[in-house]
Number of protein chains: 4
Amino acid sequence: MPRSRYPTMPTTSDTTDSTGEDLRRLILDTTRHLLVQEGYQNLSMRKIAREIEYSPTSIYLHFDSKDALLHALIHEGMMQLHDDLEATAQRHPDAPIERLRALCRCFIEFGLSNPEYYEVMFQLRPERMERYPPEKYRAARRNLTFFAEALTQGREAGRLHVEDASVSASTIWASLHGTVSLLLAERLDVQIDRETFITTAIRQTIRGYLPSTQSATS
Amino acid sequence: MPRSRYPTMPTTSDTTDSTGEDLRRLILDTTRHLLVQEGYQNLSMRKIAREIEYSPTSIYLHFDSKDALLHALIHEGMMQLHDDLEATAQRHPDAPIERLRALCRCFIEFGLSNPEYYEVMFQLRPERMERYPPEKYRAARRNLTFFAEALTQGREAGRLHVEDASVSASTIWASLHGTVSLLLAERLDVQIDRETFITTAIRQTIRGYLPSTQSATS
Amino acid sequence: MPRSRYPTMPTTSDTTDSTGEDLRRLILDTTRHLLVQEGYQNLSMRKIAREIEYSPTSIYLHFDSKDALLHALIHEGMMQLHDDLEATAQRHPDAPIERLRALCRCFIEFGLSNPEYYEVMFQLRPERMERYPPEKYRAARRNLTFFAEALTQGREAGRLHVEDASVSASTIWASLHGTVSLLLAERLDVQIDRETFITTAIRQTIRGYLPSTQSATS
Amino acid sequence: MPRSRYPTMPTTSDTTDSTGEDLRRLILDTTRHLLVQEGYQNLSMRKIAREIEYSPTSIYLHFDSKDALLHALIHEGMMQLHDDLEATAQRHPDAPIERLRALCRCFIEFGLSNPEYYEVMFQLRPERMERYPPEKYRAARRNLTFFAEALTQGREAGRLHVEDASVSASTIWASLHGTVSLLLAERLDVQIDRETFITTAIRQTIRGYLPSTQSATS
DNA sequence: AATGAATGAGCATTCATTCAT
DNA sequence: CATGAATGAATGCTCATTCAT
């Protein structure tokens, strides 16, 4: 009986960690694993149950519904992304532009290396997110602040041209999200080299905030 | 008997035919409608049938399979987007930057006002696209050339800084796609005004191609 | 438009052969062909229609139902088997035992070389045969008389030990049918050589009618 | 609520278990019943479910697939046939010819009194048997050895003329199978008395192995 | 003589979930 | 804490057949 064959998350979540929380962890890890392996569309409670060698019913002892399970998973993903971004940010404490570039690269790499995770984190239909718990939502939004902070510091250092850091963080996010999405959906023209595409996307995104000669437009 | 309760496409396709083509249209229109209402994941042949008040079998008289139906829909969407972009391009024959901005706006507006199409057009998982007919694929790709042409002309006029027009067209597309996606998925922070977000996204995207004082590294 | 790509039956049936009978023939030939190629289970009116490039409806102009079509086909098969057996019988006019052996071989070979045909001819469930037209049934039964005649002549020549030629013809038929069935169902042990099996089956079947030293009890 | 209206198998299998095995039995018994009533071709999971007044899903709690269900059924039939043959063989330990005759009679009676089993046991198309588990296949083949052993002992006693006992067991099986098949398919001429037909079939089959005066023919 | 349009019934299988234990 | 038993609803798709034209 394997039961715990996948790398475990270091319990980032707010679990009070009584004894039986182990199964909760096992479910989450297995679900994540299945998600990556078979995709969101093919994820089913039964498969999770089969994989952990418990009955489907047991999952419901720990999660109210499939949605609740997914939400927990999204949250974990957001937390991991947070950790990744944070580590990245700390590597460039005094160079906001470099930091911004690194954050962009970090986001894209997170998406590309966790494709199915990415799908549930950012592409789940709004109705499935309706019941997403507000405090988790707030935590997720915190990821954006890394971008906003870099922008703000860049502006304060006079090196970036930023009007509203919060809005700009969102548009940067949009660009990165579009980049990841097209790559994951394999919609990019085969003639275009992936790495060139990514580099260009990041470069142009950042160029949009560098002071320009023609400041005219709108 | 409702039967035709949704706005109809003005028969963009190559049909000018007999009576029985009406049902084909009805199916396509209804499918589009269901797509925006319930999303691709919840779309089923039976639901379509129920909605048009025909038997599921009847759909198969007009489309070989669910995939074929979706492909037809995607193609229609691509063709309409093409028409929109073309009309937009012609409105600014001699001002590449203005044209580029208008094309961006056009794309975003297309996405926001045809959410039915958008999901299947750009977010369908690669497996479902595998059998997408090559000639339709080629037609779809043509939409990108409007962007590439504007970039090229802007470069030739010395007003845009563009290395590879084809790659850049793709990164612009990525930005726009990300923008539309986040809006449709209702992932944007409620505190941010939609119109501001869109305008900013477009402006920054284009700024990325304006000549800058600081020569952007790599 | 091919329409008549398969070898045609030489109109053994009782058709008055007006002009439109051509389609009837085409349907029969195509059905036979499909049967051999794809098996009885996969035979459908639609497939036949597709193959002959007529509408499914058209088939119903010539055959009342799928059953009627199958019955016509069975009849044709029986007639062909009849021809085969007849030709075989005529080759041994004066040697009843040899003739019997040849008839057995002929039957088995017919079965093995027309597997799917054989299936509908002899293995169709009784309820599908209920409405089989009596005159066709009688014609089919005539095939048995070749065996009965050989038995009778063998008895008259004092070379075969036969009580009731009609019953014995049936038991011989049963043996042959069993032999063909097992071979077609691939139920024979792989260690047993097909040809040896067939030869043995025939030999033993005939030996059952040769005069024995031990007068067989009961 | 009928639920258990058919004769039950006395749990030949290796289950001596809990309560839930009852449904498994009910499914098997009902399936057998439906098989004889409607034939293999018309057997569907839904019909079984309807008949046992459970949901179709419930069947899948006990059998992985339709094939698995059929295989279980075939195996049960083979085991019962085995028991019947074994009991028969033991009744004639020292009289190989009598034993052979009794085994033939036993096989035919098994077929005629278990028509439900018969079709799936011996007439299933090879495709459906492909995945038949090898150990079950081996068990099934063991039934043939009763015939082979009787032949061998008859030969050793100098009372039967047998070349290859294994091949001959198969041809005897073929004869019996043909006999049963024609009877079950109701293909026998109504003028022929069933019992006469069966007796004759068995007698002639065995006569084929008695030493003959004319040993000549190949 | 031929068809286009349409359908009701059916298929094997999977799903998330519930409930009594 | 965990489960076995059970289900209603759903899935894409195929079938033989009918009927008005």
Side-chain angles (χ1 to χ4, degrees), chain A residues 18-24 41-49 52-69, chain B residues 17-24 41-50 52-69, chain C residues 18-24 41-49 52-69, chain D residues 17-24 41-50 52-69:
Chain A
S18 74
T19 77
E21 289 302 317
D22 295 349
L23 182 51
R24 188 188 151 89
Q41 300 237 40
N42 300 317
L43 183 71
S44 88
M45 299 299 260
R46 292 165 108 84
K47 275 186 194 157
I48 299 170
I52 63 178
E53 292 176 348
Y54 277 79
S55 84
T57 326
S58 298
I59 302 178
Y60 286 89
L61 293 170
H62 297 273
F63 299 94
D64 283 346
S65 66
K66 196 187 181 186
D67 266 15
L69 171 51
Chain B
D17 289 357
S18 63
T19 78
E21 289 301 316
D22 295 350
L23 183 51
R24 189 187 151 92
Q41 299 235 38
N42 301 315
L43 181 72
S44 86
M45 299 300 259
R46 288 158 122 91
K47 274 186 194 159
I48 299 171
R50 211 179 301 137
I52 62 177
E53 293 179 332
Y54 277 80
S55 82
T57 324
S58 295
I59 302 178
Y60 288 90
L61 289 167
H62 296 274
F63 299 94
D64 282 345
S65 66
K66 194 186 182 186
D67 266 15
L69 169 51
Chain C
S18 73
T19 75
E21 289 301 317
D22 296 348
L23 182 51
R24 189 187 151 92
Q41 301 235 42
N42 301 317
L43 184 70
S44 88
M45 299 298 258
R46 293 165 106 84
K47 275 186 193 157
I48 300 170
I52 62 176
E53 293 177 347
Y54 276 79
S55 84
T57 327
S58 298
I59 302 178
Y60 287 90
L61 292 171
H62 297 272
F63 299 93
D64 282 347
S65 65
K66 195 186 182 185
D67 267 13
L69 171 51
Chain D
D17 289 358
S18 63
T19 77
E21 289 302 315
D22 296 349
L23 182 52
R24 189 188 152 92
Q41 299 234 38
N42 301 313
L43 181 72
S44 85
M45 298 299 259
R46 289 157 121 92
K47 274 187 192 158
I48 299 170
R50 211 179 300 137
I52 62 177
E53 293 180 331
Y54 277 79
S55 81
T57 322
S58 295
I59 302 178
Y60 287 90
L61 289 165
H62 296 273
F63 299 94
D64 282 347
S65 66
K66 195 186 181 185
D67 265 15
L69 169 51

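- Note: CD (A:Gln41) to P (E:dA16) measures 12 Å, nearest angstrom.
- Distances shown here put every side-chain N or O of B:His62 at or beyond 4.0 Å from the OP1 or OP2 atom of E:dA5.
- Pairing each heavy atom of D:Ala49 with each of D:Ser55, the nearest pair is CB-C, 3.8 Å.
- From A:Ile59, atom CD1 reaches atom CD1 of A:Ile52 across 5.0 Å, with rounding to the nearest 0.5 Å.
- Here the closest heavy-atom approach between residue B:Leu69 and residue B:Met45 is recorded as CD2-SD, 4.2 Å.
- Rounded to a whole Å, the CD1 atom of A:Ile52 is 15 Å from the P atom of F:dC1.
- Nucleotide E:dA6 holds its C1' atom 7 Å from the CG atom of B:Leu61, rounded to whole Å.
- The distance between atom CD1 of D:Ile59 and atom C1' of F:dT7, rounded to the nearest whole Å, is 13 Å.
- Here F:dA10 presents its P atom at 15 Å from CD1 of B:Ile48, a figure rounded to the nearest Å.
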Give me, pair by pair, the N or O atoms of the protein and of nucleotides 16-18 of chain F that are less than 3.5 Å apart, along with how far apart they are.
residue: F:dA16; atom: OP1; partner: C:Lys66; partner atom: NZ; Å: 2.8
residue: F:dA16; atom: OP2; partner: C:Met45; partner atom: N; Å: 2.9
residue: F:dA16; atom: N6; partner: C:Arg46; partner atom: NH1; Å: 2.8
residue: F:dT17; atom: OP2; partner: C:Tyr60; partner atom: OH; Å: 2.9
residue: F:dT17; atom: OP2; partner: C:Lys66; partner atom: N; Å: 3.0
residue: F:dT17; atom: O5'; partner: C:Tyr60; partner atom: OH; Å: 3.4

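- Every residue was checked against the side chain to side chain donor-acceptor pair (under 3.5 Å) condition with D:Asn42, not counting sequence neighbours, and none meets it.
- The separation between B:Asn42 atom CG and F:dA9 atom C1' is 13 Å, rounded to whole Å.
- Atom CZ of B:Arg46 and atom CD1 of B:Ile48 lie 12.0 Å apart (nearest 0.5 Å).
- If you measure from atom CG of D:Leu23 to atom C1' of F:dG4, you get 12 Å, rounded to the nearest angstrom.
- The minimum heavy-atom distance between B:Arg24 and B:His62, with the atom names listed, is NH1-O, 3.6 Å.
- Phosphate proximity of E:dA2 to C:Ser58: absent, as no side-chain N or O sits under 4.0 Å from OP1 or OP2.
- When the local axes at the two ends of the helix from E:dA2-F:dT21 to E:dT21-F:dA2 are compared, using 5 base pairs at each end, they differ in direction by 30° after rounding to 10°.
- Rounded to whole angstrom, the span from the CZ atom of A:Arg24 across to the P atom of F:dA2 amounts to 14 Å.
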